[in-house]
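Shown next, in structure tokens, is the structure this report addresses.
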There are 2 protein chains.
Amino acid sequence: MKQLTPAEESYLKVIYHISEGGKRSVSTNDISFKMKTKPASVSDMLRRLGEKEVIEYRKYYGVNITETGKKLALQTIRKHRLWEVFLVEKLRFSWDEVHEVADELEHIRSKLLIQRLDEYLGFPKFDPHGDPIPDEFGDVRARPRVALSDLEVNTTGQIVAVKDSSAAFLRYLDKVGAYIGARIKLLEKVEFDGSVEILVDNKKTIFMSKDVAGNVLVML
Amino acid sequence: MKQLTPAEESYLKVIYHISEGGKRSVSTNDISFKMKTKPASVSDMLRRLGEKEVIEYRKYYGVNITETGKKLALQTIRKHRLWEVFLVEKLRFSWDEVHEVADELEHIRSKLLIQRLDEYLGFPKFDPHGDPIPDEFGDVRARPRVALSDLEVNTTGQIVAVKDSSAAFLRYLDKVGAYIGARIKLLEKVEFDGSVEILVDNKKTIFMSKDVAGNVLVML
DNA sequence: TAACTTTTTTAGACAAATCAAAAAATAATT
DNA sequence: AATTATTTTTTGATTTGTCTAAAAAAGTTA
């Protein structure tokens, strides 16, 4: 099985993420949007990825990732998330500063490097956004999660991840004090606009729009 | 001033290293040898580097690095050596395992990353081979050095660097116990073949061929 | 100096990754 | 169903980095 180029790895990762997001078949436009490249470039790349048999590509009907492709994508995701842990825990990067750099670091090809990095970081199971880090075989220990907006009134939980991890969103969360790991309780849900009132760490009460709450994942 | 691509950075680094090695003008063949590419590819790259004004390129007469080029090369070298320190000190890599990986890591472009890495490593001044790490302005604090083979009998010194840092050479040094930082004393010099007998850390006596001793640098 | 050797460059090709513009296929709407 | 709109692919170009084979320049030697 041939190796993937860095660009191919990036595309495959994006395809994996989109297809995990519930949709069955991933469209060219979706990929183009996430990759910030033109649809024409995507078509070209899909042909190549199809030839390497990491995706199943039927023209005009989008793509499905193969088992091989999934394995490879998870390897890249593993590397990406380990580097994120490194950047945040060791180099004091903030949540929203890690993405770009990790996108570059994830393509460094050295098995030993990743093994040692993993060990050095104490075999972390989650990245700074709370997303799980696949093991070297691509297995993920997933925890059950629910969007904060779907929580019932008076239930408690712990913030474990965010869906939207854009810089602006992460900054906003940090500002209001809703960090990963925070124990929260849903105090009230406003029917009118779907916004919520939550208690953070039994100390602070904060309000969140439905939009924001929908992007915060909670473990019960 | 335009940015350099990773490949351009690598070529420039090699050109810098060769031109520091005493020679005035760097030849296409020298570069081709170090880069493991064909002379034709080198000619092509030299044209591009010339256009970006990081080297002065006169066809058929080799190249000289410009001041701008020197600055850029030193930045790459700084990154390379910082990563080497990281790999050896934090991830327990051995001397001879760091090169390839550092050659990839050195191209990651993030100023913050390098600043923080530097800080995290405690602002090291030398890499694991004893070579000095340029500061962020490209300044190097160089120490006076001499090849072990040029040392006078009965003088003492400290091993601070190696010229040849090939995997085989580094392994050999490690094996005989001549590590970077070792305090040594030259006990005897054999006129016949130029080999030397040295005392390491006042404990162990070892022999070295002229060839090996010529590649070990000592600070008096 | 003339002939030979070595080094370097040029010319032409190719793969990867991108784009813009045009064409084709699919989807939506009247 | 026919037309319109959207999505996707194709075509042709460009840049980067590499190669082989051929040509040109420089260096060496008889």
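- In this structure, CD1 of B:Ile31 is placed 15 Å from P of D:dG17, rounded to the nearest angstrom.
- With sequence neighbours left out, the side chain to side chain donor-acceptor pair (under 3.5 Å) criterion links B:Thr28 to no other residue.
- Residues satisfying the side chain to side chain donor-acceptor pair (under 3.5 Å) criterion with B:Tyr172, sequence neighbours excluded, are absent altogether.
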Pairs of donor and acceptor atoms involving the side chains of residues 130-137 of chain B, under 3.5 Å and at least two apart or interchain, shall be tabulated with distances.
unit_1	atom_1	unit_2	atom_2	d
B:Asp135	OD1	B:Phe137	N	2.7
B:Asp135	OD1	B:Gly138	N	3.0
B:Asp135	OD1	B:Asp139	N	2.9

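- Pairs passing the ring-ring contact (aromatic ring centres under 6.0 Å, His included) check and including a residue from residues 62-85 of chain A, sequence neighbours excluded, read A:Trp83-A:Phe86.
- Applying the side chain to side chain donor-acceptor pair (under 3.5 Å) test to every pair with at least one member in residues 112-123 of chain B, sequence neighbours left out, gives these pairs: A:Arg92-B:Glu119, A:Tyr120-B:Tyr120, B:Arg78-B:Asp118.
- Summarising the geometry, the separation between CE on B:Met35 and C1' on D:dC19 is reported as 15 Å, rounded to the nearest angstrom.
- Residue pairs that meet the salt bridge (Lys or Arg N to Asp or Glu O under 4.0 Å) test with at least one member in residues 54-69 of chain B, sequence neighbours left out, are B:Glu67-B:Lys70.
- The shortest distance between side-chain heavy atoms of B:Leu217 and B:Val162 does not fall below 4.5 Å.
- For D:dT18, one of the phosphate oxygens OP1 or OP2 lies less than 4.0 angstrom from a side-chain nitrogen or oxygen of B:Tyr11.
- Counting 5' to 3', DNA chain C first comes under 4.0 angstrom of a heavy atom of chain B and last does so at the ends given by C:dT7 to C:dT10.
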Side-chain donor-acceptor distances from residues 32-44 of chain B under 3.5 Å, at least two apart:
unit_1	atom_1	unit_2	atom_2	d
B:Ser32	OG	B:Thr37	O	2.9
B:Thr37	OG1	B:Tyr11	OH	3.1
B:Asp44	OD2	B:Arg48	NH1	3.3

Per-nucleotide protein contact along nucleotides 4-15 of chain D, 5' to 3', at a 4.0 Å heavy-atom cut-off (B base, S sugar-phosphate only, - neither), is ---SBBB-----

